[in-house]
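What follows is one structure encoded as structure tokens, with my remarks underneath.
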Amino acid sequence: MDKELEAVVKVQNLYTRFGEAVVHKDISFDIHRGEIFAIIGGSGSGKSTLLREIATLNSPSSGTIQIFGKPLKDLNEKEILKLRTRFAMMFQQGALFGSFTVLENVALPLKEHTDLSSKFINELALQKIELVGLPLDAAVKFPRELSGGMIKRAAVARSLALDPELLLLDEPGSGLDPVSASALDELILSLRESLNLTVVLVTHDLGSLWRVADRVAFLGEKILLGLDTVANLAHSSEPQLRAYFRGARGHLAYQENTWTQK
Ligand SMILES: Nc1ncnc2c1ncn2[C@@H]1O[C@H](COP(=O)(O)OP(=O)(O)OP(=O)(O)O)[C@@H](O)[C@H]1O
């Protein structure tokens with residue numbers, strides 16, 4: 001990875017409360033351009049909420065989030081809409097429109113946000129479909145005609161439609177078999193390489209974590225319990241981190257990856 005340490009996302013002293021319930025307490029970290037940054041932690045530790053806050057879909061109770069140097073709380077609605085064209089978020093289910101073909105799904109953001117001709121939009125959409133490794137005949141298929149792995153690729157293609165600088169992925173591998181999940185990891189790595197994308201992902205998949213993440217934020221006890229490479233976190237003596245990485249699944253991923261040495 002190129003070591004330009006420009007902060008694409010900057011989270012400072014972030015607190016999140018839902019009523020009386022505190023989810024995040026004083027969380028701060030930076031995500032650098034070109035980095036693949038993972039957010040992990042136990043169930044209910046606030047991973048998806050944090051990702052939604054970065055995606056401007058939820059507001060934190062206090063603290064600041066800056067994206068591309070812009071503090072989100074200073075932006076008006078129009079500026080938020082403009083900012084949203086510079087990043088894309090892919091939700092767990094992929095969320096393609098079932099009544100649209102893959103091509104129509106990928107073309108949709110271009111139709112909404114540009115004045116380009118239909119012909120040019122279709123050409124651009126086809127390029128994205130090719131970029132994510134889908135066969136071109138998938139373009140005319142409906143989501144129900146695709147495998148789980150192909151649906152995820154199509155959703156990634158749609159996320160890339162407006163050439164975002166930042167891609168936010170919530171559990172990208174969920175529901176995939178291990179081979180398709182691993183192919184999706186390869187896609188994420190290759191997109192980072194070819195497009196210099198910054199990627200933030202929430203994941204429960206430890207195999208994927210070892211394969212793709214440059215750095216990892218571990219949420220627990222409402223705070224940021226760890227922020228480091230996956231190898232360093234896996235060796236941490238912090239009890240929650242130990243339990244996470246030395247649990248049965250964590251242990252397997254740990255062994256595999258210390259044998260193959262990432
Ligand atoms: N809109 C909301 N209103 C009230 N509580 C919420 C809301 N969104 C999230 N929460 C609560 O915030 C906490 C964190 O939820 P979140 O979905 O961010 O956790 P998570 O770490 O992503 O969990 P999981 O790994 O199970 O998906 C949970 O206790 C959840 O119930």
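Position 1 is the first residue of the sequence; numbering continues from there. Numbering of ligands and ligand atoms starts at 1, following listing order. Values below: all heavy atoms of this structure, side chains included; hydrogens, waters and symmetry mates excluded.
Contact annotation: for E171 versus ligand 1, there are no heavy atoms closer than 4.0 Å. By the criterion of a heavy-atom distance under 4.0 Å, both the backbone and the side chain of T49 are placed next to ligand 1.
Of the protein's heavy atoms, V23 CG2, 3.4 Å lies nearest to atom 12 (O) of ligand 1. Shortest contact from atom 27 (O) of ligand 1 to any protein heavy atom: S48 OG, 4.2 Å. Scanning the protein heavy atoms around atom 4 (C) of ligand 1, the nearest turns out to be F18 CG, 3.4 Å. Of all protein heavy atoms, the one closest to atom 21 (O) of ligand 1 is K47 NZ, 2.7 Å. In this structure, atom 26 (O) of ligand 1 lies nearest to the protein heavy atom S43 OG, 2.6 Å.
Y244 and F218 have their aromatic ring centers within a separation under 6.0 angstrom.
Distance remark: protein heavy atom present below 4.0 angstrom from atom 2 (C) of ligand 1. Using a 4.0 Å threshold on non-hydrogen atoms, atom 31 (O) of ligand 1 does not count as touching the protein.
Heavy atoms of other residues, nucleotides or ligands lying less than 6.0 angstrom from CD of Q12 number more than 12. For CG of D115, the number of neighbouring non-hydrogen atoms (other residues, nucleotides, ligands) closer than 6.0 Å is 12 at most. Heavy atoms of other residues, nucleotides or ligands lying less than 6.0 angstrom from CD of E112 number more than 12.
Of the candidates T64, L50, D26, L50 is the only one forming a side-chain contact (heavy atoms from CB on, under 4.5 Å) with L14. Residue L160 is tested with K128, Q127, M90 for a side-chain contact (heavy atoms from CB on, under 4.5 Å); the sole match is K128.
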Problem set entry | Candidate pair R84 and T56, rule side-chain hydrogen bond (donor to acceptor under 3.5 Å, both in side chains), full reasoning | CA-CA 8 Å; R84 282 187 188 156; T56 72; 2.8 Å; yes
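Distances shorter than 4.0 angstrom do not occur between any heavy atom of G19 and any atom of ligand 1.
From S48, atom OG reaches atom CG of L168 across 11.5 Å, with rounding to the nearest 0.5 Å.
Relative to atom 23 (O) of ligand 1, the option among G46, A21, G42, G44 with the closest non-hydrogen atom is G44.
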